[in-house]
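Residue numbers start from 1 in every chain, and the chains themselves are labelled A, B, ... in the order their sequence lines are given, proteins ahead of strands.
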There are 2 protein chains.
Amino acid sequence: MESSLTISIQDYLKHIYELTEGGQNASTNALSERLNVKPASVTNMVQKLAAAQPALVEYQKHQGVTLTKEGRKAALEVIRHHRLLEAWLVKTLGYSWDEVHEEAERLEHVISEDFERRMAAAMGHPLRDPHGELIPTADLVMPLEDSTPLSALRPKQKAKIQCVKNADAELLRHLEDLGLLPGAQIVIVDYSSFDHNLTVKSGAKVSVLGLNITGKIFVDYPG
Amino acid sequence: MESSLTISIQDYLKHIYELTEGGQNASTNALSERLNVKPASVTNMVQKLAAAQPALVEYQKHQGVTLTKEGRKAALEVIRHHRLLEAWLVKTLGYSWDEVHEEAERLEHVISEDFERRMAAAMGHPLRDPHGELIPTADLVMPLEDSTPLSALRPKQKAKIQCVKNADAELLRHLEDLGLLPGAQIVIVDYSSFDHNLTVKSGAKVSVLGLNITGKIFVDYPG
DNA sequence: AATACAATTTAGATTAGACTAAATTTATCG
DNA sequence: CGATAAATTTAGTCTAATCTAAATTGTATT
């Protein structure tokens, strides 16, 4: 009985959170895509959710959904579970960063708070998961990102890859082949609007555009 | 999509398996108790299950349920997950043997076969879980128990505790306090039908009857 | 063999979460 | 500013798993 929220409510909260990070509302259509549920079903669910849990979720017809502060915490709980699990599975069972997401996706809903604490402690309370994503703290605060999007860098700048966001397994494997994992040192070779050419420290030259990239690569502020 | 069985079907199979180990059928009432579901619901579910998965489950009105060979394998899969998870959680996250059951109960339904393999490999393919229960093999065979019920021992016999079955968390804590964990050396002090008195190696004298015992303690054949 | 009790099943209702099709609202753009 | 497209919601249906209450079947006992 650790949590009275059903699995799918946790999923709704998580995806509402992710869609509202930029400050906007989460539209039923956007949620529909992410959840693989038809828009009409999302409307229905979101209406019930807002009626049943007004402390978590705010909904207005045709305006989409937002989370309350408390709702955001509930979402961060799920995200913390997910990211700790990814880190844990990579560390203790040798999962690779492209395999680990799917497994964590299922486990995140069923682990106890005790499990969460034990994992965190066993890893020394890590700040980031294997993709470099920030892990919400135990008191459910999302730390501030202290790095910069790739597109903010100028040619010749040196940087270290910090985080690879929203990439699917195939892209992750590709990036790994190229050595573009979190921690990799890179130098910006050429740069124009969306044509990011960069060289990893080893000297290999890669076109990020050539990877048909959909996610974003974040890097440390260069020193 | 690893498995097309829903969670509750897995639970039905697992409990049918456990109830039919002695060769009998599993009655709807017995299942009802274990699953915390009303008998009428069990009948209903079991009828649907047998209709939908005749390769797994056999059902006859008023005669209860049995598993086919294939059904038994499906059940052993869940039991293997459970026992590997218990071993894994105890080993890597420091869970105690009385805490670990509940967590494994939830996780057993959502881990992948890959997860199962990785755990098994990481622990060197253990034969028993923390309670001493045998872990079904990777090809889903339940190994033969090579130890003996406590009640088969005679006074003065020495033995080593191998397995503590079906005990709840409270009893497990009590047994732990007394040093009666798997691996403990014991000597049978007195014995009469159900009044098992035994002495642990350390010298403490314990009445197993006094513990109001509900599970069974299995021990190695004494040498 | 008759009766009574327990176990099991049937029948019908309920709930949650999804779906489709149709209606409505909002946005866009000549 | 009105027409059309896109997004959203409404209304009604479906399925799975449960429930309760009532009916039935099986079992034991005298």
Residue list, side-chain hydrogen bond (donor to acceptor under 3.5 Å, both in side chains) with A:Asn44, at least two apart or on another chain: none
Partners meeting side-chain hydrogen bond (donor to acceptor under 3.5 Å, both in side chains) with A:His81 (sequence neighbours left out): A:Glu77, A:Glu113, A:Glu116
Sorted by number, the residues of residues 32-42 of chain B with heavy-atom contact under 4.0 Å to DNA chain D: B:Val37, B:Lys38, B:Ala40, B:Ser41
Pair listing, ring pair (Phe, Tyr, Trp, His ring centres under 6.0 Å) test, anchored in residues 12-53 of chain B, at least two apart: none
For residues 26-39 of chain B, which side-chain donor-acceptor pairs fall under 3.5 Å, sequence neighbours excluded?
from: B:Ser27; atom 1: OG; to: B:Ala30; atom 2: N; distance (Å): 3.0
from: B:Ser32; atom 1: OG; to: B:Val37; atom 2: O; distance (Å): 2.5
from: B:Arg34; atom 1: NH1; to: B:Glu18; atom 2: OE1; distance (Å): 2.8

Which residues share a side-chain contact (heavy atoms from CB on, under 4.5 Å) with B:Val110, sequence neighbours left out: A:Arg106, A:Leu107, A:Val110
Contact list for DNA chain C against residues 21-30 of chain B - heavy-atom distance below 4.0 Å: B:Ser27, B:Thr28, B:Asn29
Salt bridge (Lys or Arg N to Asp or Glu O under 4.0 Å) pairs, two or more places apart, involving residues 41-56 of chain A: none
C:dA16 phosphate, OP1 or OP2, under 4.0 Å from A:Tyr12 side-chain N/O: no
Distance-only polar pair, side chains of A:Ser112 and A:Asp114, donor-acceptor under 3.5 Å: no
A:Leu127: partners by side-chain contact (heavy atoms from CB on, under 4.5 Å), with sequence neighbours left out: none
Pairs under 3.5 Å (N/O, protein and nucleotides 22-27 of chain C):
none

side-chain hydrogen bond (donor to acceptor under 3.5 Å, both in side chains) involving B:Arg128 - partner list, sequence neighbours excluded: B:Glu145, B:Asp146, B:Gln162
All side-chain hydrogen bond (donor to acceptor under 3.5 Å, both in side chains) counterparts of B:His101, not counting sequence neighbours: B:His82, B:Glu86, B:Glu105
